[in-house]
Structure formats: C-alpha cells, structure tokens
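Step one of this worksheet: look at the structure below.
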Amino acid sequence: MAGVEVDTELERLYEDFGRHGLLPLWTQREDLMPVTPRPAAAAHRWRWRDLYPLAQRAGALVPVGRGGERRAIALANPGLAGLPHATPTLWAAVQYLGARETAPAHRHSQNAFRFVLEGEGVWTVVDGDPVAMRRGDLLLTPAWAFHGHHNTTDEPMAWLDGLDIPLVGYLDANFFEFGEERLSGLSTPDRSRAERLWGHPGLVPVGVAGSAISSPLSAYRWEHTDAALAAQLELADEGHPGAAGPGHAAIRFANPVNGDDVLPTIRTEMHRLRPGAVRSARREVSSSVWQVFDGSGAFVLDGVRSEVDRGDLVAVPSWGETEIRANDRLDLFRFSDAPVIERLRLNQSAEIVR
Ligand code: GTQ
Ligand code: FE2
C-alpha cells in the first residue's frame with residue numbers, strides 16, 4: 001500500500017533530520033510560535049511561615065563563607081524543572097545571616113537588590129560604602145559592584161534577594177570574582193555615602209557622574225516609600241489625581257540620574273491597597289515576583305485564589321492573569337523583568353473586563 005510506504009519514507013526522513021542535527025518547524029509550530037505566551041513557569045505562592053523556619057534551620061546547619069558565598073535559599077518555580085528560578089528570568093531567594101556573621105565580598109555580572117521584610121543590624125558594603133539594611137528598605141548591588149554583608153548584632157537577620165541570574169545564565173554572560181575575605185574596621189553609618197550624594201528628592205550633584213545604567217543611589221529608605229504611597233491615597237481622598245487606581249497607590253523605584261529603572265534588567269515597585277481595594281485583573285508580557293510587606297489579602301492567578309499574609313511571595317509568569325484583593329491594608333513589593341521586555345519592544349498588556 002502506497003500510504004504505508006509514504007509513512008515509512010517520512011519516518012526515515014525525520015530520522016535523517018535527527019542524524020544531521022535538524023528539526024522541522026511544522027511538527028512543533030504551536031509550541032515554538034504560540035498565539036499568546038505559554039509559560040512553562042507556574043503561578044505560585046510561597047508562605048513566609050514555611051520559608052522562614054527553613055532558613056533558620058539552614059542558619060543552624062550551614063556555615064556561610066568563601067565558596068558557597070551566601071546562605072541564600074531560592075524560590076524554585078514548580079514549572080521550571082527543579083531549577084532555582086522563580087521565573088524564567090528572575091532569581092528570588094531568602095538570605096539568612098546569623099548573629100555576628102559575615103558573607104564575604106564578591107562581585108558578578110548579575111544585578112542584585114535586597115528588600116528587607118524585617119529586622120536590622122546588617123550593613124551591606126557596596127564598593128566600599130557601608131549601607132544599613134532595615135525593614136522596608138530597598139538596597140542595590142548593581143552588576144560588578146563588590147558587595148559583602150555584615151551582621152553587627154546578636155540577632156539573625158533575613159531578607160529577600162532578587163537577581164537576574166536566570167537571564168544572565170541563558171545569555172551565557174556570567175562572570176564572577178572573589179573580593180577581600182575579611183573586611184577590617186567596618187564602619188556602620190546611618191546613611192551611606194551614596195545616599196548623602198544622591199538621596200535628596202529632585203536634586204542631583206553637579207560634577208559627579210552617576211550611572212545611567214543602574215542607579216547610583218544604593219538605598220531607597222522605607223520612610224520615603226511609605227510617605228509617597230500615603231500621599232497618593234491622601235490626594236485621591238481630596239479629589240486630586242495621582243493614584244494608580246481606586247484605593248491603589250504605587251511607586252516605581254527610579255534612577256535619580258534619568259528616571260529609568262534602578263537596574264538594567266529588573267524593575268522594582270511598591271504598591272499599597274486600601275482595605276477592601278481590588279487591583280483589577282490584568283495580563284502583561286513580563287514575569288514578576290511579589291512579596292507581601294504588610295497586611296493580608298489574596299492573589300487571584302488565572303482564576304485560582306491564593307490567600308497571602310505578611311512575607312508571602314508570589315511568582316507571576318508572563319501573560320498570567322493577576323487580580324489582587326486587599327483584606328486589611330495591603331503593602332506589596334514587586335520586582336519584574338519589565339526593563340528587558342520594554343527595551344526589546346516585546347511589552348504588551350491587557351486589562352480583563354468582566
Ligand atoms: O548576596 O551577593 O541570593 O551573589 C544570590 C547570589 C545573593 C549576594 C543571592 C548572590 C547573593
Ligand atoms: Fe552577590
């Protein structure tokens with residue numbers, strides 16, 4: 001029969017494709033070029049009440065030092081095959097530093113930030129500038145800046161790390177270098193040199209070059225973030241425009257040099273929802289990780305509701321439908337790969353109207 005002949009001919013063709021390192025488009029077109037994004041990553045929530053005790057156990061069992069470098073425990077997205085990736089582009093980890101511990105200095109081509117949920121007493125030294133870490137602060141360690149972390153207290157401290165490790169990995173652009181093992185004479189100023197230079201609203205120093213690629217301001221303090229969010233909601237109450245949506249205030253952390261995102265590959269934002277407020281469902285090209293800074297509420301991800309509380313983390317894949325509901329006042333930190341998506345002109349978004 002001719003049909004059987006054709007099938008075996010076709011099978012032989014596919015085998016020969018394989019032997020020659022070839023694959024056809026026509027058998028995989030839908031996977032390779034879907035109509036809309038089909039992320040392998042899942043929408044997923046991690047509970048702080050699960051994470052934190054595990055970090056404490058790691059603190060008791062695992063030393064921090066040269067080689068391993070950091071006691072950082074990464075969120076592994078269940079859709080991403082056991083990789084320590086929160087989304088295809090973003091690393092998110094809980095880093096735990098015990099009483100009086102030091103994480104040694106190093107630098108790398110990956111960009112990093114820390115966001116502090118609770119505690120204080122750690123100074124992160126960024127290219128020789130000690131930066132205090134406290135609740136609500138966003139601290140930056142841009143690509144190739146040396147950084148080491150020093151806990152000056154008798155209490156442990158934990159925080160959220162965000163890096164572009166997966167993205168830099170896919171691009172085969174990883175570089176890494178050890179710094180000085182031990183730092184002598186750590187000073188512990190309240191404000192870093194970077195803040196004294198760059199941390200005045202709307203004022204930039206004349207004659208000092210600041211990077212346009214990543215923000216020269218290595219710390220964004222909670223008092224400023226909090227005041228900015230509070231003012232937006234107050235203005236809305238007074239009938240003036242300014243809020244991101246009904247009962248919703250939001251800010252983007254920006255480079256004081258040019259208003260760009262603080263890191264070339266990572267956008268960081270803080271959101272505040274009033275009690276009972278809803279951020280309506282939407283999708284966007286760009287993957288994100290959210291952390292509940294304060295309050296409680298729920299994320300409705302592709303129609304599935306997950307309750308969230310202080311410290312909980314949520315990964316949202318690209319094009320995932322996301323609705324956020326506040327119970328009491330809900331403060332949320334978010335980071336995403338939006339700067340990369342936008343620079344490549346791949347950004348799209350959709351509001352879901354019901
Ligand atoms: O604190 O320098 O979570 O280099 C992953 C890689 C933290 C850090 C991480 C790092 C760091
Ligand atoms: Fe690092």
Side-chain angles (χ1 to χ4, degrees), residues 46 48 51-52 54-56 58-59 62-77 80 83-98 101-117 119-134 137-152 156-171 173-183 186 192 194 214-215 218-219 262-266 268 289 291 311 313 315 333 335-337:
W46 291 260
W48 188 251
L51 290 180
Y52 189 71
L54 292 167
Q56 283 178 309
V62 183
V64 59
R66 187 50 93 212
E69 298 297 289
R70 302 291 184 259
R71 192 187 290 109
I73 306 152
L75 306 186
N77 189 295
L80 297 177
L83 292 166
H85 299 172
T87 78
T89 49
L90 301 170
W91 164 280
V94 177
Q95 181 166 167
Y96 186 93
L97 200 57
E101 276 186 329
T102 279
H106 66 211
R107 64 178 174 177
H108 37 70
S109 53
Q110 293 88 350
N111 291 278
F113 72 80
R114 338 266 154 217
F115 177 71
V116 183
L117 178 69
E120 56 184 30
V122 170
W123 268 260
T124 181
V125 180
V126 182
D127 274 339
D129 189 15
V131 184
M133 298 175 67
R134 304 182 199 96
D137 294 345
L138 173 72
L139 304 317
L140 305 180
T141 41
W144 217 239
F146 278 113
H147 53 284
H149 317 309
H150 306 266
N151 188 341
T152 65
M157 188 175 165
W159 59 84
L160 173 69
D161 289 323
L163 289 90
D164 51 12
I165 292 173
L167 176 69
V168 172
Y170 291 126
L171 298 174
N174 318 286
F175 293 89
F176 183 97
E177 199 173 275
F178 293 128
E180 297 288 313
E181 185 104 15
R182 276 222 81 86
L183 181 101
L186 171 73
S192 59
S214 50
S215 173
S218 44
V262 293
L263 297 169
T265 50
I266 301 177
T268 51
V289 177
Q291 185 175 36
L313 290 137
F333 173 76
F335 68 107
S336 76
D337 59 11

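None of these values were measured; they are calculated from a predicted model. Atoms within each ligand, like the ligands themselves, are counted from 1 in listed order.
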Side chain to side chain contact (heavy atoms under 4.5 Å, CB included) between T87 and V289, intermediate numbers included: CA-CA 8 Å; T87 78; V289 177; 4.1 Å; yes
Crowding at CD, E177 (>12 non-hydrogen neighbours, <6.0 Å): yes
Geometric class of the H147/H108 ring pair [parallel <30°, tilted 30-60°, perpendicular >60°]: perpendicular
Residue L163 vicinity, atoms of ligand 1 by number, heavy atom under 4.0 Å: 3 (O), 5 (C), 6 (C), 9 (C)
Taking atom 5 (C) of ligand 1 as the reference point, the nearest protein heavy atom with its distance: W91 NE1, 3.5 Å
W46 side, atom CH2; N77 side, atom CG - distance, nearest 0.5 Å: 5.0 Å
Region of Q95 that comes within reach of ligand 1 [heavy atoms, distance under 4.0 Å]: side chain
Every N, O or S from the protein that is nearer than 2.8 Å to the Fe ion (ligand 2): H106 NE2, H108 NE2, H147 NE2
Between CH2 on residue W159 and CG on residue L138, distance to nearest 0.5 Å: 14.0 Å
Shortest protein contact, atom 7 (C) of ligand 1 (heavy atom only): D161 OD2, 3.2 Å
F176 and F178 aromatic ring geometry - parallel, tilted or perpendicular at 30°/60° bounds: perpendicular
Close-contact set for ligand 1 against A93 heavy atoms, below 4.0 Å: 3 (O)
Proximal atoms of ligand 1 relative to H149 (non-hydrogen, under 4.0 Å): 1 (O), 2 (O), 8 (C)
Side chain to side chain contact (heavy atoms under 4.5 Å, CB included) assessment of V125 paired with L186: CA-CA 9 Å; V125 180; L186 171 73; 3.6 Å; yes
Neighbour count above 12 (heavy atom, 6.0 Å) for Y170 OH: yes
Spacing of CG belonging to L313 relative to CD belonging to Q291, to within rounding of 0.5 Å: 4.5 Å
Close-contact set for ligand 1 against A72 heavy atoms, below 4.0 Å: 3 (O), 9 (C)
Ligand-side contact atoms (ligand 1) for residue partner H147, heavy atom cut-off under 4.0 Å: 2 (O), 8 (C)
Identity and distance of the protein heavy atom lying nearest atom 8 (C) of ligand 1: R70 NE, 2.9 Å
Close approach, H108 and ligand 1, non-hydrogen under 4.0 angstrom: yes
Short side-chain donor-acceptor distance under 3.5 Å, R107 and T141: no
For H106, atoms of ligand 1 separated by under 4.0 Å from a heavy atom: 2 (O), 4 (O)
Spacing of F113 atom CZ and L160 atom CG [to the nearest 0.5 Å]: 5.0 Å
